[in-house]
There are 2 protein chains.
Amino acid sequence: MRVPMISKIEEEVFTPRQQAVLTAALDLLVENGDGLTMTAVARRASCSKETLYKWFGDRDGLLTATVQWQAAKVRMPQVNRSSLNAKALRASVEQFARDLLTVLIGEISITLNRTAVTHAAQEKDSLGAIVLENGPMAIRRRLKPILEAGRDARLLRFDSSEDAYRTFFGLVVRDVQIRLLLGDKTLTQINVEANIEADVQTATDQFFALYGADKTQ
Amino acid sequence: MRVPMISKIEEEVFTPRQQAVLTAALDLLVENGDGLTMTAVARRASCSKETLYKWFGDRDGLLTATVQWQAAKVRMPQVNRSSLNAKALRASVEQFARDLLTVLIGEISITLNRTAVTHAAQEKDSLGAIVLENGPMAIRRRLKPILEAGRDARLLRFDSSEDAYRTFFGLVVRDVQIRLLLGDKTLTQINVEANIEADVQTATDQFFALYGADKTQ
DNA sequence: ACCCAGGCGTACCGTACGGTACGGTTCTGC
DNA sequence: GCAGAACCGTACCGTACGGTACGCCTGGGT
């Protein structure tokens, strides 16, 4: 009985067949919300329930594997931190904002976050940890050094890079994520997508207005 | 059979006994996460399941009534918008930030939001709408006129009060809410509470830095 | 040609829970 | 005091779903 030892750090490897199963599970999650039953996954993936239990242990294991596998797929493009003039820094920050917003409003992200929140409502934080780790925290890990490089180059000013990052997050995400998670009908994904670019520009402008060293900004 | 017609607008009135039942339901929600079973509520409230169904129709009705009733309880203190000098405006905005943050990090808010998100994962948005309506939207409705009054008094500058409000929301909430919803262990409620005042000050400073008409701010 | 591990499909079991029925009890109006 | 309504407690039903068992098939190794 192969029960994957899934942790936040270890990257689990799945066979193509297993990935097909996980894809089916994710599709069901996206379609049916939490209507993820073992029977449904088995039928969708054309496999037997017994196989599911052999591979993933139990329902929670399947859920965890699905979230883990999908969340890890979110690999945002690296930005070069070689050149550090003002223009390049701005472009980098802007790109981070775009990446963050694009991911967060995606249907898959919404589904994974909803699943993790639901999970967290049952005294289980494993899914939440995975989602956090692969979403906001991944962005943070990559943005922080850039911010600090910007500070070293006297292009940015802040005391705590942690605070700077979190303000950046707030400026970019605002109330979009929570509203999407809550199913706000007045905020269609299409509408949000159309405004991404403008929102990214605004957020970046505001971030530099707050943390840019150049006061004439 | 009395099935309350609950809508976003209509305020439902509950008898004291019914409120005791709703309190029991909320307590169970907070304690057990989503472990809200009709049997558990009946036992906790010392009432019969039949009564629950008579009063609330079905499980969803009970859930809706609980969220509705509890969310409507969040009545934040009104701020006076009579005097509109810079100092009073700043105090008002600051108070809004404090109210918003205090509510959002509360255990009840977390529970209600989690419940609504879970609900939204099942193609039902009624709870989400209620939570949004009584949380962020309630703040927005009250903050917007103040912002606009501030603009009229040439103390603030912005094109869209909607955008200004949403930026305010982002600056105040940042990633706190989503992390709490996901059960982030590195963010204890106690820790957050201790930093409320500092965060409120920072967010208010930043808001005025972005939207204040006084450039020497 | 044969074996057998791995996997499919399905039937099955136990349980939890939403919802209903009903007898007994307390409260209320007359 | 009495009739009726409201309500409590509990037993009960049906179903959905997590988890298991088992028979059959297939494909690769010898």
Side-chain angles (χ1 to χ4, degrees), chain A residues 1-4 6 13-29 31-67 114-115 118-119 121-124 126-127, chain B residues 1-4 6 12-67 114-115 118-119 121-124 126-127:
Chain A
M1 173 142 130
R2 178 169 169 280
V3 179
I6 293 178
V13 186
F14 299 107
T15 69
R17 185 76 182 96
Q18 287 174 332
Q19 292 186 28
V21 170
L22 295 179
T23 302
L26 183 70
D27 288 350
L28 283 175
L29 267 187
E31 291 170 23
N32 271 345
D34 73 337
L36 184 81
T37 73
M38 302 301 275
T39 306
V41 173
R43 187 157 38 222
R44 174 72 64 104
S46 292
C47 73
S48 72
K49 284 171 66 176
E50 197 168 14
T51 302
L52 292 184
Y53 285 101
K54 184 146 79 173
W55 285 350
F56 304 106
D58 57 4
R59 183 178 182 277
D60 238 49
L62 172 60
L63 213 53
T64 305
T66 304
V67 172
R114 280 198 184 135
T115 306
T118 301
H119 212 241
Q122 303 160 358
E123 304 116 57
K124 305 176 190 173
S126 57
L127 291 191
Chain B
M1 173 137 131
R2 179 171 169 280
V3 180
I6 292 177
E12 193 63 21
V13 186
F14 298 107
T15 69
R17 185 73 182 98
Q18 288 173 331
Q19 293 186 29
V21 170
L22 295 179
T23 302
L26 184 70
D27 288 349
L28 281 176
L29 267 187
V30 173
E31 292 171 20
N32 273 345
D34 72 337
L36 184 81
T37 72
M38 301 301 275
T39 306
V41 173
R43 186 157 40 221
R44 174 72 65 103
S46 292
C47 74
S48 72
K49 283 169 68 176
E50 197 169 14
T51 303
L52 292 184
Y53 285 100
K54 185 146 90 176
W55 284 350
F56 304 105
D58 56 5
R59 183 177 181 277
D60 237 50
L62 172 60
L63 212 53
T64 305
T66 304
V67 172
R114 280 195 184 139
T115 306
T118 301
H119 212 243
Q122 304 160 356
E123 304 116 58
K124 307 174 187 173
S126 56
L127 291 190

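Side chains are part of it too, since the values below use all heavy atoms of this structure and drop only hydrogens, waters and symmetry mates. Here is how names work: the chains are called A, B, and so on, in the same order as the sequence lines, proteins then strands, and each is numbered from 1. Please read these numbers as outputs of a predicted model, since none were measured by experiment.
When all heavy atoms of B/Val13 and B/Gln18 are compared, the pair lying nearest together is O-OE1, 4.4 Å. The two residues A/Phe56 and A/Val21 have their closest heavy-atom pair at CE1-CG1, 4.0 Å. Nearest heavy atom pair, residue B/Lys49 against residue B/Met38, reads CG-O, 4.1 Å. The two residues A/Glu123 and B/Gly33 have their closest heavy-atom pair at OE2-N, 4.3 Å. Nearest heavy atom pair, residue A/Cys47 against residue A/Arg17, reads CB-NH2, 3.7 Å. Scanning all heavy atoms of the two residues, the minimum distance from B/Ala25 to B/Thr66 falls at CB-OG1, 3.6 Å.
We find that CG of A/Leu52 is positioned 12 Å from C1' of C/dG9, with the value rounded to whole Å. In this structure, NZ of A/Lys54 is placed 11 Å from C1' of C/dC8, rounded to the nearest angstrom. Counting to the nearest Å, the P atom of D/dG9 and the CZ atom of B/Arg44 are 15 Å from each other.
Within the 4.0 Å cut-off from OP1 or OP2 of D/dC7, not a single side-chain nitrogen or oxygen of B/Ser48 is found. Between A/Trp55 and C/dG6 there is no side-chain polar atom (N or O) within less than 4.0 angstrom of OP1 or OP2.
Across all strands shown, B/Arg17 has heavy atoms under 4.0 Å from sugar-phosphate atoms exclusively, and none from any base.
Distance check, rounded to the nearest 0.5 Å: OG1 of A/Thr118 to CD of B/Gln122 gives 7.5 Å.
Each end of the helix from C/dA1-D/dT30 to C/dC30-D/dG1 yields a helix axis from five base pairs, and these two axes differ in direction by 10° (to the nearest 10 degrees).
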Sub-3.5 Å pairs of nitrogen or oxygen atoms, protein against nucleotides 17-20 of chain D:
from, atom 1, to, atom 2, distance (Å)
D/dG18, OP1, A/Arg59, NE, 3.0
D/dG18, OP2, A/Met38, N, 3.0
D/dG19, OP2, A/Arg59, N, 2.9
D/dG19, N7, A/Lys49, NZ, 2.9
D/dG19, O6, A/Lys49, NZ, 2.5

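Using a 4.5 Å heavy-atom cutoff, the side chains of A/Asp60 and A/Lys124 are in contact.
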